[in-house]
Protein chains: 2
Amino acid sequence: MHSFTEENYLKAIYKLQETNGEVVATSALAQVMGVHAPSVTDMLKRMGQKKLVSYQKSKGVKLTEKGKQVAIGIVRNHRLWEVFLVEKLGYRWDEVHDIAEQLEHIQGEELINKLDAYLGFPEADPHGDPIPNAKGVLPKLKSVLLSSLKEGDQATFTGVSDHSTSFLHYLDKAGIALGDTLKVKSIEQYDQTYTLTLKGKKEVTVSLKVANSILVS
Amino acid sequence: MHSFTEENYLKAIYKLQETNGEVVATSALAQVMGVHAPSVTDMLKRMGQKKLVSYQKSKGVKLTEKGKQVAIGIVRNHRLWEVFLVEKLGYRWDEVHDIAEQLEHIQGEELINKLDAYLGFPEADPHGDPIPNAKGVLPKLKSVLLSSLKEGDQATFTGVSDHSTSFLHYLDKAGIALGDTLKVKSIEQYDQTYTLTLKGKKEVTVSLKVANSILVS
DNA sequence: TAATATATTTAGGTTCGTCTAATTTAAAAT
DNA sequence: ATTTTAAATTAGACGAACCTAAATATATTA
Ligand SMILES: [Mn+2]
Ligand SMILES: [Mn+2]
Ligand SMILES: [Mn+2]
Ligand SMILES: [Mn+2]
């Protein structure tokens with residue numbers, strides 16, 4: 001139906017819209033797609049023809065409703081396959097992204113719904129990101145950054161805002177895992193480091209940078 | 001590494017070599033690939049450059065050792081994913097081919113080996129076709145056509161030589177399933193129909209055409 | 001507001017995988 | 001051994017997705 005490339009552009013535009021506002025710039029898109037700006041202009045023209053995006057030259061691009069539905073479908077595929085890789089094949093959460101980048105493009109409504117059922121209709125992927133349901137509806141998880149908590153606050157670690165392998169490795173090394181309960185024991189004024197009590201037991205101190213990449217609720 | 005198209009050509013050449021002899025004709029390849037002859041000539045030149053095939057113009061084409069290894073890898077992927085779709089997701093054996101055509105191109109040695117392990121290292125796919133192991137070695141299943149049996153012979157239904165949906169549907173309808181034991185009760189001289197006793201119970205009569213598409217051992 | 005800097009598009013090219021029409025090579029039949 | 005037929009290749013073109021270099025449009029800042 002759509003090429004892998006088109007699907008990747010749609011997903012990239014979708015994510016940029018989520019984080020940076022409705023209108024997406026050519027250069028931003030070029031950056032995340034790892035191509036040069038003229039390639040993006042080219043592609044946006046073609047995708048505009050197909051009514052996947054609304055594009056006006058030099059004015060940036062937005063997804064059409066159609067484009068958005070396709071993008072959400074890809075996100076659904078990606079996250080369900082990530083669950084499969086971790087839950088069934090025994091991958092670690094820092095290893096699955098690249099494989100899911102391939103699997104997300106496998107076509108077939110029935111396939112992904114069967115996979116969904118097989119996995120027990122999970123609500124979130126291994127990184128805590130919400131999985132759109134078969135109708136394209138995203139469960140709105142109301143999580144906040146760890147860095148927004150005050151001393152004494154308690155919460156559960158539900159997701160990451162930095163998906164890089166290096167950050168995930170860091171969390172593993174520090175013994176901080178998805179689902180852990182944590183309490184902010186203290187916040188150091190001087191350098192904004194957070195000392196946490198994990199699962200009522202372990203004590204860990206993390207930097208502001210880390211606290212800005214951890215989602216809790 | 002290789003494009004989907006290249007991989008599909010390699011698989012097609014591999015299968016044609018298996019059934020029609022070492023040298024594959026441009027026209028045969030065009031037919032199974034569903035493209036026109038000049039496209040094949042073109043593609044073979046490029047694949048020759050990459051040492052995936054040995055191609056001499058107007059003399060047909062053969063796989064190189066490298067090309068053969070890639071082809072066997074694709075076949076391995078295809079068949080393992082078919083097992084997954086049937087065993088884990090609950091697909092029927094006549095529904096899995098097209099999805100496996102997509103999944104077979106997912107890259108990653110580790111992925112397919114983990115899948116293999118997850119499935120319990122199956123030796124055959126849902127159609128009874130042997131699955132190459134991680135080293136590319138195909139278990140040689142010594143099966144024969146049902147039509148080669150004599151009256152009174154007994155055997156197990158281990159595979160099909162016709163993979164068409166219509167034939168698989170026919171078998172389902174007739175209640176003949178992979179793994180069934182069967183005994184040739186009688187062969188009608190006049191029209192070569194086979195009357196079989198299935199699992200020591202049911203009795204079924206099949207045409208020569210069907211007997212030519214059933215593999216037993 | 002005019003000058004400068006940055007973002008975007010246009011122009012022209014490349015590779016991959018396909019096509020049709022025309023030509024050449026090989027095989028089969030007379 | 002010629003002629004006829006069939007198979008394969010060459011020639012020229014096209015769309016998708018990319019590129020570099022040059023031109024233009026927008027934003028910033030003097
Ligand atoms: Mn991911
Ligand atoms: Mn994820
Ligand atoms: Mn198949
Ligand atoms: Mn099969």
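Numbers restart at 1 for each chain; the letters A, B, ... are given by sequence-line order, proteins then strands.
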Query raised in the report: With B/Asp153, which residues qualify under salt bridge (charged side-chain N to carboxylate O under 4.0 Å, His left out), at least two apart?
Result: none
Query raised in the report: A/His36 has an atom NE2; how far is it from atom P of C/dT9, in whole Å?
Result: 16 Å
Query - Residue among B/His127, B/His78, B/His169 satisfying ring pair (Phe, Tyr, Trp, His ring centres under 6.0 Å) with B/His163 - result: B/His127
**Report entry** Rounded distance (Å) that lies between atom P of C/dG17 and atom CG of B/Leu52
**Finding:** 11 Å
Report task. Inspect the contact between A/Lys209 and A/Asp162 and indicate whether a charged nitrogen and a carboxylate oxygen are less than 4.0 angstrom apart. Result -> no
Report task. Go through the steps for B/Trp81 and B/Leu115 under the test side chain to side chain contact (heavy atoms under 4.5 Å, CB included), then give the verdict. Result -> CA-CA 8 Å; B/Trp81 281 113; B/Leu115 181 66; 3.7 Å; yes
Query raised in the report: In whole Å, what is the span from the NZ atom of B/Lys50 to the P atom of C/dG17?
Result: 6 Å
Report task. Under 4.0 Å between any heavy atoms, over every strand shown, what does A/Thr5 touch: base, sugar-phosphate, or nothing? Just pick one. Result -> sugar-phosphate
Report summary line: Going 5' to 3' through nucleotides 2-14 of chain D and flagging B where a protein heavy-atom sits under 4.0 Å of the base, S where only the sugar-phosphate is that close, and - otherwise, we get ------SBB----
Query raised in the report: With respect to the phosphate group of C/dG17, does any side-chain polar atom (N or O) of B/Arg46 fall under 4.0 Å of OP1 or OP2?
Result: yes
Requested in this report: Assess the side chains of B/Ser147 and B/Asn212: does a donor N or O sit below 3.5 Å from an acceptor N or O?
Outcome: yes
Query - Distance-only polar pair, side chains of B/Thr158 and B/Thr156, donor-acceptor under 3.5 Å - result: no
Requested in this report: Return the value, rounded to whole Å, for the distance between atom CD of B/Glu7 and atom P of C/dG17.
Outcome: 11 Å
Report task. To the nearest Å, give me how far apart CE (B/Met47) and P (C/dC16) are. Result -> 13 Å
Requested in this report: Provide, to the nearest angstrom, the distance between the CZ atom belonging to A/Phe4 and the P atom belonging to C/dC16.
Outcome: 19 Å
Requested in this report: Report yes if at least one side-chain N or O of A/Ser39 is closer than 4.0 Å to OP1 or OP2 of D/dA17; otherwise report no.
Outcome: no
Query - Whole-Å gap separating C1' (C/dT15) and CD (B/Glu6) - result: 12 Å
Query raised in the report: Rounded to the nearest Å, what distance is computed from the CE atom of residue B/Met33 to the C1' atom of nucleotide C/dT18?
Result: 11 Å
Query raised in the report: For A/Tyr9 and D/dC18, is the shortest distance between a side-chain N/O and OP1 or OP2 below 4.0 Å?
Result: yes
Query raised in the report: So is A/Lys88 actually on top of A/Tyr118's ring, under 6.0 Å and inside 45° of the axis?
Result: yes
